[in-house]
Protein chains: 2
Amino acid sequence: MSTTHEDLTGRARLRDAAIECFAARGFGESLRAIATRAGVSAGLVRHHFGSKEELRAECDATVLKRYRVLKVDSMNTPPTRLFAQLPASRDGGVLMVYILRSVQDGSPAGRTFVDNMVAEALAFTTDAVARGLVVPSRNEEARARFMVQQSIGSMLVNLAMRPEVRLDDFANVMDQYMAQAMLPTLEVYTEGVFADRTYLDEYLAYLAAKTNPPAGLAGEAAMS
Amino acid sequence: MSTTHEDLTGRARLRDAAIECFAARGFGESLRAIATRAGVSAGLVRHHFGSKEELRAECDATVLKRYRVLKVDSMNTPPTRLFAQLPASRDGGVLMVYILRSVQDGSPAGRTFVDNMVAEALAFTTDAVARGLVVPSRNEEARARFMVQQSIGSMLVNLAMRPEVRLDDFANVMDQYMAQAMLPTLEVYTEGVFADRTYLDEYLAYLAAKTNPPAGLAGEAAMS
DNA sequence: CCGCGGACTATACATGCGAGTAGTCTGCTG
DNA sequence: CAGCAGACTACTCGCATGTATAGTCCGCGG
């Protein structure tokens, strides 16, 4: 939905063109390229936004807003699958890639996106744990953050590996990713990877020894 | 080891300075900054390497070589822990961050690094599966690739989230990451996330239905 | 002592960028 | 019709970067 029309005001056209350019080619894309894509001149950016930075800020805000809308939509309509509802459509794909680029870029906006997702994931998992659907963790917040970092990160790496993301196939790219990531994800998440608990128990013992140093042992003097 | 000395030939000094600059600030770092860090002038880059591209190619090759050395070292000496041997030292940290930046950058070198790690991971896991240490997968290659993408990716996201990586604390950054990622990693890998097999079995059924279309069902016409 | 060659510097391009300025076109309002 | 305001364009400026050129310094073999 939203913006298939071409009869938008110049400001909105410029913003949407910038979102697609940023998603497709990264935030290094020049104002001239963005303006060309929007069918206007480069100087107009300044007229409407003042600077490239402000343009991007508006793009960030718009993407976050639309992401939230898509999120609640996908939460309401089909509660079938756990992941992958987001990038189903083309619009969702653009949003997802834009978010990935923000994270890749290391910008504050990227942090905002990630923090948002972590909060959502934490709420989701704590609820799912309470309902017995998900195994509890010794540190729910750390697990939620880690899993979000893994999810975003694996998509990011996958995206970065492709020689060039065609401007149009955002949805296609995400679909391909899902096709090759879904099976391993589900395997690891339901069956685990290690056949026994040795590594985990050893690490837990290590942690316990570090926080509760047993009397009679010296030498652990990593000051921090 | 390797390069704490300052009495290296100009070419090597320049290369090592470039590796550190690229790792610390990304590949956009200017030749002048690199030259300044190496204590020489910018024109010398051209004299020794011809272009920035060739400088970077040499950095890529050097990093890959040193990474392999560190890898086999850590494989031989302490077979205690499974992960995290790599970025123990400062040198390892620089290498790791350089590799992360290469992946982030989307360069062919990044692909090389990842493919390398995937091959290593695949060899490792198949062996571990044979020895009963790791749960088998329905597609070992896909799982290995996915797990590498997740590992690299989560580090990448974590790195990108930090406001600025100090030039010196490469090892510190990696240590911090390990401290916060180790517990969730081990939990997920040994205990899984989902409490039951529903999602996995549903997806497997979906896959089976897609590859072996049961007669008498139409409507699945997603051509690709 | 000569002088030759390579490491190295200083400086000058050429390019692409964001930012800034001035001016044109268009539509609405009185 | 007058004229004003805002959307929009064409052009210029300053800056940073990679690249290229000319020249300097120094050690080593004759």
Side-chain angles (χ1 to χ4, degrees), chain A residues 3 5-62 98 101-102 104-109 164 167, chain B residues 3 5-62 98 101-102 104-109 164 167:
Chain A
T3 58
H5 307 73
E6 289 297 338
D7 48 60
L8 288 172
T9 168
R11 182 185 173 89
R13 291 238 312 278
L14 221 27
R15 167 173 44 76
D16 288 357
I19 290 177
E20 298 217 341
C21 279
F22 287 156
R25 317 261 308 253
F27 295 101
E29 191 72 333
S30 74
L31 291 185
R32 290 161 177 86
I34 294 170
T36 300
R37 183 177 183 79
V40 297
S41 97
L44 194 59
V45 170
R46 172 178 165 79
H47 189 254
H48 281 305
F49 300 95
S51 73
K52 188 182 190 181
E53 201 176 0
E54 290 183 63
L55 205 212
R56 176 167 174 187
E58 189 134 333
C59 290
D60 291 339
T62 302
Y98 186 99
R101 290 246 191 242
S102 300
Q104 182 180 32
D105 181 67
S107 62
E164 254 201 14
L167 275 177
Chain B
T3 58
H5 308 72
E6 290 295 339
D7 47 57
L8 289 171
T9 168
R11 183 186 173 88
R13 291 238 315 276
L14 219 29
R15 167 172 46 75
D16 288 357
I19 290 176
E20 298 217 342
C21 279
F22 286 155
R25 316 259 310 252
F27 296 101
E29 191 71 334
S30 74
L31 291 184
R32 288 164 176 84
I34 294 170
T36 300
R37 183 175 183 81
V40 297
S41 95
L44 195 58
V45 169
R46 171 176 166 79
H47 189 255
H48 281 306
F49 300 95
S51 74
K52 188 183 190 181
E53 200 176 0
E54 292 183 62
L55 204 211
R56 178 169 172 187
E58 189 133 335
C59 289
D60 290 340
T62 301
Y98 186 98
R101 290 245 189 244
S102 299
Q104 181 180 33
D105 181 66
S107 62
E164 256 201 12
L167 275 178

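Remember, it's a predicted structure, so these values are computed and weren't measured experimentally. Atoms considered below: every heavy atom in the structure, side chains included; atoms not considered: hydrogens, waters and symmetry mates.
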Check: Taking CG from L31(B) and P from dG18(D), how many angstroms apart are they, rounded to a whole number?
Finding: 4 Å
Note to self: Tell me every residue that passes side chain to side chain contact (heavy atoms under 4.5 Å, CB included) with A38(A), counting only those two or more places apart in sequence or in another chain.
What the structure shows: L14(A), A17(A), V40(A)
Next item on the list: Applying side chain to side chain contact (heavy atoms under 4.5 Å, CB included), name anything that partners S51(B), two or more places apart in sequence or on another chain.
Entry: E53(B), E54(B)
Note to self: To the closest 0.5 Å, what do you measure between CZ (F27(A)) and CG (L55(A))?
What the structure shows: 11.0 Å
Item checked: Residue pairs fulfilling ring pair (Phe, Tyr, Trp, His ring centres under 6.0 Å) with at least one residue in residues 34-55 of chain A, sequence neighbours excluded -> none
Checklist line | Close residues, residues 34-56 of chain B, relative to DNA chain C [heavy-atom separation under 4.0 Å] | finding: V40(B), S41(B), G43(B), L44(B), H47(B), H48(B)
Item checked: salt bridge (Lys or Arg N to Asp or Glu O under 4.0 Å) partners of residues 29-46 of chain A, not counting sequence neighbours, each pair once -> E20(A)-R37(A), R25(A)-E29(A)
Check: With sequence neighbours left out, what residues match D60(B) under side chain to side chain contact (heavy atoms under 4.5 Å, CB included)?
Finding: R56(B), Y98(B), S102(B), A109(B)
Next item on the list: Could you pull out the closest heavy-atom pair between A18(A) and C59(A), with the gap in Å?
Entry: CB-SG, 3.6 Å
Margin query: Students should find this one: the first and last nucleotides of DNA chain C, 5' to 3', lying under 4.0 Å from a heavy atom of chain A. What are they?
Written below: dC17(C) to dT21(C)
Checklist line | Nearest heavy atoms of K52(B) and L31(B), plus distance in Å | finding: CG-CD2, 3.6 Å
Next item on the list: Could you list by number each residue of residues 21-30 of chain A showing a heavy-atom separation from DNA chain D of less than 4.0 Å, or answer none if no residue does?
Entry: none
Note to self: Once rounded to the nearest 0.5 Å, what's the spacing between atom CG of L44(B) and atom CZ of R13(B)?
What the structure shows: 9.5 Å
